[in-house]
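Single-structure report; data block below.
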Amino acid sequence: MKIATFNINGIKARQAALTDWLSEAEPDVVLLQEIKSVDDAFPREVFEDMGYNVETHGQKSFNGVAILSRRPLEDVTRGLPGDDADDQARWIEATVMGDTHAIRLCGLYLPNGNPVEFGADGTPEHNGKYGYKLDWMDRLHARAEALMEAEMPALMAGDYNIIPQAEDAAKPEAWAKDALFLPQSRAAFRRILNLGFTEAFRARHPGPGHYSFWDYQAGAWNRNNGIRIDHVLMTPACADLMTDVGIDREVRGRDKPSDHVPVWVELAA
DNA sequence: ATGGCAAACCTTGTTTGA
């Protein structure tokens, strides 16, 4: 079973690019981020005609996540637990029924967190958008802990807006004071990994030069000035099923591309 | 910090992203 994550940066603008990629990559499941659409405006028929079940959790203009799956989805839930006042659409879960295993899928669009305010001592303030990011990651940790304790193999995939290590950026120095690369952001990510998750891509592909995002600005793609911020985290029971993992980087060079590219895992499930 | 680009809004500029 091939499961991918793809921040498409607007479903209306990316419909053709997405259907093209679906036809050639043939994923069984795709976790989408930044659909930038309300549920009613999502072109679900386009994907249903391609054989996918569609579950969305959208909002107007920004954010929004969705799941496309050729296999049945069960027990769909929307929203990351832990803050009833949070109305940003950044989290969706479902169970996908494979041939041999049921897998709990979590699709996430982790807050960017910029701009960051710094105190007199040079440390980031826990307020505003950066405070929201750190608080959101605390809630993610809590959900991750529960997934780890459950019996069902599970994965959490999406746009984490985290550059885990310097080798995950072409120019790490440019990100030193950015919410994506601050030590506090990376520590919060490691704290989740340290529950026992396997980060799929790094389990197979060490070393620099692997990216999942290239800014539209300043010729970032042509200069290969990228960062790796889209990740698949698997519980041990899920990691045991992984047979392959990859990044479809060539998608970034096409017409009207998203600024992110798909990251996928193949599971023996 | 800004923002060379892009998307959504319901526009002719503003907001947001990373």
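Chain naming here is simple, since letters A, B, ... match the order of the sequence lines and numbering starts at 1 in each. Because the structure is predicted, anything quoted here is derived from the model rather than measured.
- The NZ atom of Lys256(A) sits 12 Å away from the C1' atom of dA8(B) (whole-angstrom rounding).
- Taking atom CZ of residue Arg252(A) and atom C1' of nucleotide dC5(B), one finds them 9 Å apart after rounding to whole Å.
- Residue Tyr160(A) is out of contact with every strand shown, counting any heavy-atom pair closer than 4.0 Å.
- Distance noted for atom C1' between dT11(B) and dT16(B): 15 Å (whole Å).
- Backbone-only contact: Lys129(A) has heavy atoms under 4.0 Å from sugar-phosphate atoms and none from a base.
- Between Lys177(A) and dT2(B), a side-chain N or O to OP1/OP2 separation shorter than 4.0 Å is absent.
- Nucleotides dC10(B) and dA6(B) have their P atoms positioned 22 Å apart, rounded to a whole Å.
- Remark: the separation of the P atoms in dT15(B) and dG4(B) is 16 Å, to the nearest Å.
- Using a 4.0 Å heavy-atom cutoff across all strands shown, Asn225(A) reaches no nucleic acid atom at all.
- Among dG4(B), dT16(B), dA8(B), the nucleotide with an atom closest to any side-chain atom of Phe62(A) is dT16(B).
- By the 4.5 Å heavy-atom criterion applied to side chains, Asn114(A) and Asp178(A) are counted as neighbours.
- For the P atom pair drawn from dT12(B) and dA1(B), the interatomic distance equals 30 Å after rounding to whole Å.
- Ring pair His205(A)/His210(A) is tilted by interplanar angle, where 30° to 60° counts as tilted.
- A salt bridge links Arg228(A) with Glu199(A): the distance from a Lys NZ or Arg NE/NH1/NH2 to an Asp or Glu carboxylate oxygen falls below 4.0 Å.
- Between Ile229(A) and Ala218(A), it is Ala218(A) whose nearest contact on DNA chain B lies nearer the 5' terminus.
- We find that NZ of Lys12(A) is positioned 15 Å from C1' of dT11(B), with the value rounded to whole Å.
- If you measure from atom CG of Asn7(A) to atom C1' of dA18(B), you get 10 Å, rounded to the nearest angstrom.
- Ranked by how close their nearest DNA chain B nucleotide is to the 5' end, Asn9(A) and Asn63(A) are led by Asn9(A).
- A straight line from CD of Gln88(A) to C1' of dT15(B) spans 14 Å, rounded to a whole angstrom.
- Put simply, NZ on Lys36(A) is 10 Å from C1' on dT15(B), counting in whole angstrom units.
- No hydrogens or angles considered: nothing links the side chains of Asp159(A) and Gln33(A) as a donor-acceptor pair under 3.5 Å.
- Residue contacts shown for Asn161(A) are limited to sugar-phosphate atoms, with no base heavy atom under 4.0 Å away.
- Among the nucleotides dG4(B), dA18(B), dA8(B), the one closest to the side chain of Asp159(A) is dA18(B).
- Inter-residue side-chain proximity for Met156(A) and Leu140(A) is flagged as met; some heavy-atom pair is nearer than 4.5 Å.
- Atom CZ of Phe213(A) and atom C1' of dA7(B) are 13 Å apart (whole Å).
- With dA6(B), dT15(B), dA18(B) as the candidates, the nucleotide lying closest to the side chain of Tyr216(A) is dA6(B).
- Comment: Arg254(A) does not engage Asp20(A) in a salt bridge, judged by the lack of any side-chain N to carboxylate O separation of less than 4.0 angstrom.
- Close to dA18(B), at under 4.0 Å from its OP1 or OP2, lies a side-chain N or O of Tyr109(A).
- Following rounding to the nearest Å, Tyr130(A) (OH) and dA18(B) (P) show an atom-to-atom distance of 15 Å.
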